[in-house]
2 protein chains.
Amino acid sequence: MKGLGELERSIMDILWAQSTALTAREVGRLIADRDLAPTTVMTVLDRLTRKGFLHRTRDGRAWRYAPAATRDAYVAELMLEALDMTGDRSAALTRFAQGVSGPEAEILRRALTELEDE
Amino acid sequence: MKGLGELERSIMDILWAQSTALTAREVGRLIADRDLAPTTVMTVLDRLTRKGFLHRTRDGRAWRYAPAATRDAYVAELMLEALDMTGDRSAALTRFAQGVSGPEAEILRRALTELEDE
DNA sequence: GCGTAGTACTACGAGCTGTCGAGCACGCAT
DNA sequence: ATGCGTGCTCGACAGCTCGTAGTACTACGC
């Protein structure tokens with residue numbers, strides 16, 4: 001897939017947190033703490049779209065941007081991608097299991113159990 | 001942490017596959033298919049050391065390089081890092097669980113069960 | 001003393017990312 | 001119709017990383 005840059009991630013975070021599609025201007029307002037030129041936001045939104053992280057639809061003259069996938073899907077994909085890097089997936093998975101906290105292990109266990117039932 | 005480049009990963013792969021620490025020359029020989037200048041290999045080994053992926057110890061005039069961590073640990077760390085990126089870890093974990101193949105789910109389940117026993 | 005192996009330092013081009021400016025188009029108020 | 005504000009597209013540039021390598025210095029064996 002490919003990792004995201006600093007600003008790219010911030011913008012994805014904003015869009016992931018939103019339930020509706022936003023225009024560049026709206027994103028710019030939400031990221032106001034960084035005082036970016038409007039074109040900067042547009043450029044990044046454009047690049048994210050080109051990379052497939054966002055979809056955009058027309059709204060009058062403006063575009064509205066929305067995430068192409070949920071953050072969870074993205075994170076899960078990153079994790080699977082990391083997993084693909086190893087020769088010994090079993091060892092890596094075991095390591096990983098040891099690395100998650102107790103409550104999270106519980107969540108994983110539950111998710112796996114549900115899988116089993118299907 | 002940070003991702004590795006193409007060549008960096010190839011070199012890590014070689015060192016991970018090896019049980020003993022190697023010199024730059026030896027790594028170069030093992031990666032011969034790419035016909036790299038010896039200095040190229042040295043530079044990359046140096047950068048990997050600087051980044052903390054390798055340790056090196058003197059062997060006469062030469063350095064011997066060995067991975068600072070196992071590949072599994074690295075992969076597991078990448079996975080945990082990805083997981084840290086999300087707000088809703090539970091959702092991401094569930095997604096992830098759905099993404100692993102059947103046999104791998106089994107491995108995970110086993111690893112988690114062992115955890116529970118401790 | 002000289003060649004060889006090995007090191008450290010420096011460099012350069014490509015690609016990615018953050019950051020914008022310039023220039024063009026369209027619609028609304030005057 | 002005229003101009004301001006909004007929004008777009010293109011192009012640009014600087015900083016950093018990575019692949020790739022040359023050069024210059026050093027130490028050891030013959």
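Every chain is numbered from 1, with letters handed out A, B, ... down the list of sequences.
Per the geometry, CG belonging to B/Leu22 stands 13 Å off P belonging to C/dG6, to the nearest Å. Per the geometry, CD belonging to B/Glu26 stands 14 Å off P belonging to C/dA5, to the nearest Å. Regarding A/Arg50, its CZ atom lies at a distance of 12 Å from the P atom of C/dC16, rounded to whole Å. With rounding to whole Å, B/Arg47 atom CZ is found 7 Å from D/dC18 atom P. Counting to the nearest Å, the C1' atom of D/dA21 and the CE atom of B/Met42 are 12 Å from each other. The interatomic distance linking A/Asp46 (CG) with C/dC16 (P) rounds to 15 Å, in whole Å. For the pair A/Trp63 CH2 and D/dT9 P, the computed distance is 6 Å after rounding to whole Å. Rounded to an integer number of Å, the gap from CZ of B/Arg9 to C1' of D/dC18 is 13 Å.
For A/Thr40 and C/dC20, the shortest distance from a side-chain N or O to OP1 or OP2 is below 4.0 Å. For C/dC16, neither phosphate oxygen OP1 nor OP2 lies less than 4.0 angstrom from any side-chain nitrogen or oxygen of A/Lys51. Phosphate contact (OP1/OP2 of C/dG6, side-chain N/O of B/Arg25, threshold under 4.0 Å): present. Dashed line: the shortest gap from a side-chain N or O of B/Arg34 to OP1 or OP2 of D/dT20 is under 4.0 Å.
At a threshold of 4.0 angstrom between heavy atoms, the contacts of A/Thr43 include nucleobase atoms, whether or not backbone atoms are also involved. Nucleic acid contact class of B/Arg56 (heavy atoms, under 4.0 Å, all strands): sugar-phosphate only. In this structure, A/Gly3 reaches the sugar-phosphate backbone alone: every heavy-atom distance under 4.0 Å involves primed, P, OP1 or OP2 atoms, never a base.
With hydrogens and angles ignored, a donor-acceptor pair under 3.5 angstrom links the side chain of A/Arg61 to the base of D/dT6.
Within the 4.5 Å cutoff, side-chain heavy atoms of B/Tyr65 are placed close to those of B/Leu54. The side-chain heavy atoms of A/Leu112 and B/Leu112, taken from C-beta on, include a pair separated by under 4.5 Å.
Here C/dT17 is the nucleotide among C/dT17, D/dG22, C/dC20 with the atom lying nearest to any side-chain atom of A/Glu8.
Between A/Arg95 and B/Glu77 there is no salt bridge, since no side-chain N of the basic residue sits under 4.0 Å from a carboxylate O of the acidic one. For B/Asp84 and B/Arg89, the salt-bridge test passes: some basic side-chain N is under 4.0 Å from an acidic carboxylate O. Classification of A/Glu106 and A/Arg109 as a salt-bridged pair holds, one side-chain N sitting under 4.0 Å from a carboxylate O.
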